[in-house]
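See structure below.
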Amino acid sequence: MDDNAFFERAILASAAEPDDEDAVRQLRELLTPEELAAWESYKASEPRITVPVEHDDENDRYVAEWGEFGIQGTSPASYEAALDALAAHVRAWAGDVRDAGPRLGTTAELRSLVDELDELDDEALRTFLLVRVSFDRGGLTFGLAEFVEEDGSTTQRAVPFADGRPPAEIDLPVDGVMTTYQSSVRGGLVAFSRVGAGPSIAATLRQEEPTGDVSAEFPQPGFGPSSSEA
């Protein structure tokens, strides 16, 4: 899977919830049955442990992190290779926590997590990490928005939000052509329509200061490979 495909699938899985019907329909097409079952289990879990990923441009490597436990997997090759490296570290971490528990003590929540990881074989552990991938970073998060087409049909897509606000416009490939959509916010619901085909932004109840234009492919530096990798 190339980086853009990984990115698009991951942000949709991260932003969607089980009751987002169109997003779930898309995920059924993008994920294997095992991945979909793991995603549904993840969305039902509490607390949710995410796997932040990014491309470290300075060191030319992909990085995947295990929640807030300070464990990283890295690779110069791809996001998926970084996940494979992370899986080995998570396996070792779980063993260390399990072995040290009687001596150092642990919480019921941590014991439950380690028990869950112990039940997974290597492929299931990789899937466990894959469905938790997140590209959120600081004030930049990804959420679902409705994209309204000229014929009235709608599709849910994951888009970047800067400090909780959607971009004023976003460019997406449609039938091989980059198409510009403009955003509007009504009652907290975000919708995008093609420029010239939807309601005027001025006529909507959106933020007063637009966050600017955003490309759908790697919307912030650090998500994708540096230009030297092209």
**Q.** No-hydrogen, no-angle side-chain donor-acceptor test under 3.5 Å, Gln72 and Glu65
**A.** yes
Contacts of Asn59 meeting side chain to side chain donor-acceptor pair (under 3.5 Å) (sequence neighbours excluded), chain-then-number -> Asp56
Taken in chain and number order and not counting sequence neighbours, the residues that satisfy ring pair (Phe, Tyr, Trp, His ring centres under 6.0 Å) with Trp39 are none
Applied to residues 138-147, the salt bridge (Lys or Arg N to Asp or Glu O under 4.0 Å) test, sequence neighbours excluded, yields none
Between Thr50 and Ser134 the two heavy atoms that sit nearest each other are CB-CB, 4.2 Å
Shared ILVMFWY cluster between Val174 and Val148, side chains joined below 4.5 angstrom?
no
In this structure, CE of Met178 is separated from CG of Leu172 (nearest 0.5 Å) by 6.5 Å
Ile71 meets the side-chain contact (heavy atoms from CB on, under 4.5 Å) criterion, sequence neighbours left out, with Trp66, Phe69, Leu86, His89, Trp93
Within a reach of under 6.0 Å around CG of Asp151, are more than 12 heavy atoms found that belong to other residues, nucleotides or ligands?
yes
*For atom CD of Glu68, decide whether the heavy atoms of other residues, nucleotides or ligands shown that lie under 6.0 angstrom number more than 12.*
no
### Polar side-chain atom of Ser45 near backbone of Tyr42 as donor-acceptor pair, under 3.5 Å
yes
Do Ile49 and Val131 sit in one hydrophobic cluster, given that two such residues count as connected whenever their side-chain heavy atoms are within less than 4.5 Å of each other, even indirectly?
no
Determine whether a donor-acceptor pair (N or O, by modelled atom type, separation under 3.5 Å) exists between the side chain of Arg91 and the backbone of Leu117. yes
Rounding to 0.5 Å, atoms CD (Glu116) and CG (Leu125) come to a distance of 10.0 Å
One should read off an interatomic distance between Glu123 CD and Leu130 CG, to the nearest 0.5 angstrom, of 9.5 Å
Arg48 side-chain N/O to Lys43 backbone N/O, donor-acceptor pair under 3.5 Å
yes
The complete set of ring-ring contact (aromatic ring centres under 6.0 Å, His included) pairs with one or both residues in residues 144-163, sequence neighbours excluded, reads Phe147-Tyr181, Phe147-Phe192
Rounded to the nearest 0.5 angstrom, the CG-OG1 distance for Asp60 and Thr74 is 11.5 Å
Flag this pair as yes if the NZ/CZ of Arg132 is under 6.0 angstrom from the six-membered ring centre of Phe128 and inside a 45 degree cone about the axis; otherwise no.
yes
Main-chain N/O of Gln156 paired to Asp22 side chain as donor or acceptor, under 3.5 Å = yes
Salt-bridge contact Glu80-Arg126 (side-chain N to carboxylate O under 4.0 Å) = yes
Please lay out, stage by stage, how Asn4 and Glu8 fare under the test side chain to side chain donor-acceptor pair (under 3.5 Å). CA-CA 6 Å; Asn4 280 329; Glu8 292 174 2; 6.0 Å; no
Thr141 side chain vs Asp136 backbone, donor-acceptor pair below 3.5 Å = no
Taken in chain and number order and not counting sequence neighbours, the residues that satisfy salt bridge (Lys or Arg N to Asp or Glu O under 4.0 Å) with Glu21 are none
Short side-chain to backbone donor-acceptor contact, Asp3 and Ser78, under 3.5 Å: no
message: With a 4.5 Å cut-off on side-chain heavy-atom distances among I, L, V, M, F, W and Y, is there a chain of contacts connecting Leu144 to Leu31?
response: yes
Here the pair of heavy atoms bringing Glu17 nearest to Val24 is O-CG2, 3.7 Å
Distance col, row Leu27:CG vs Leu12:CG, nearest 0.5 angstrom, shows 4.5 Å
Between the CZ atom in Arg9 and the CE atom in Met1, the distance rounded to the nearest 0.5 Å is 3.5 Å
Closest heavy-atom pair, Pro167 versus Ser183, reported as atoms and distance to 0.1 Å, is O-OG, 2.8 Å
When every non-hydrogen atom of Val133 is compared with those of Ala10, the smallest separation belongs to CG1-CB, 3.7 Å
Worksheet item: Can Phe6 be reached from Phe142 by stepping across I, L, V, M, F, W or Y side chains whose heavy atoms are under 4.5 Å apart?
Response: yes
On a heavy-atom basis, the closest approach of Val51 and Ala64 is CG1-CB, 4.3 Å
What one should report as the nearest heavy-atom pair of Ala158 and Ile11 is CB-O, 3.4 Å
